[in-house]
Chemist: 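Below is one structure. I have some questions about it.
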Amino acid sequence: MLMMIVSILTACGSFASRFEGGNSEVYYPGVKYSMEKARSGYGGFYYFDVPFSFVFDTVMLPVDAIRIGTNNL
């Protein structure tokens, strides 16, 4: 049960940063999003999410590089 809950809650910063927008011109937007939320007082969950967002953002790095490169043309 615990593993299921953890797997559902992981990399939320990565998903939120991509769907909410605002971080479209940066690499590792999920890590940035999670750190901003954690520092603004939303609690320790976002600090817990940073490693998972880092892994997901690393997987998505080629896609982000293409998107950022295309936007800068």
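Excluded from the calculations below are hydrogen atoms, water molecules and symmetry mates; all remaining heavy atoms, backbone and side chain alike, are included.
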Chemist: Under a single-linkage definition using a 4.5 Å side-chain heavy-atom cutoff for Ile, Leu, Val, Met, Phe, Trp and Tyr, are F19 and V63 assigned to the same hydrophobic cluster?
Modeler: yes

Chemist: Not counting sequence neighbours, which residues clear side chain to side chain contact (heavy atoms under 4.5 Å, CB included) with F54? List them please.
Modeler: Y28, V31, T58

Chemist: Minimum heavy-atom separation for I68 to E25, with atom names?
Modeler: CD1-C, 3.9 Å

Chemist: Quick one: do V59 and V50 end up in the same hydrophobic cluster if we chain Ile, Leu, Val, Met, Phe, Trp and Tyr together by side-chain heavy atoms under 4.5 Å apart?
Modeler: no

Chemist: On a heavy-atom basis, which atom in F56 and which in S14 lie closest, and how many Å separate them?
Modeler: CD2-CB, 3.3 Å

Chemist: To the nearest 0.5 Å, tell me how far C12 SG sits from F52 CZ.
Modeler: 10.5 Å

Chemist: Side-chain donor-acceptor pair under 3.5 Å between D49 and S53, yes or no?
Modeler: yes

Chemist: From Y27 OH over to M60 CE, what is the distance, rounded to the nearest 0.5 angstrom?
Modeler: 13.0 Å

Chemist: Would you say V55 ends up clustered with F15 if hydrophobic residues are merged whenever their side chains have heavy atoms under 4.5 Å apart, either directly or through other cluster members?
Modeler: no

Chemist: Can R39 and Y47 be said to form a side-chain contact (heavy atoms from CB on, under 4.5 Å), step by step?
Modeler: CA-CA 9 Å; R39 289 182 185 142; Y47 285 121; 4.0 Å; yes

Chemist: Locate the shortest heavy-atom distance separating S17 from G30; write the atom from each residue and the value.
Modeler: OG-N, 3.5 Å

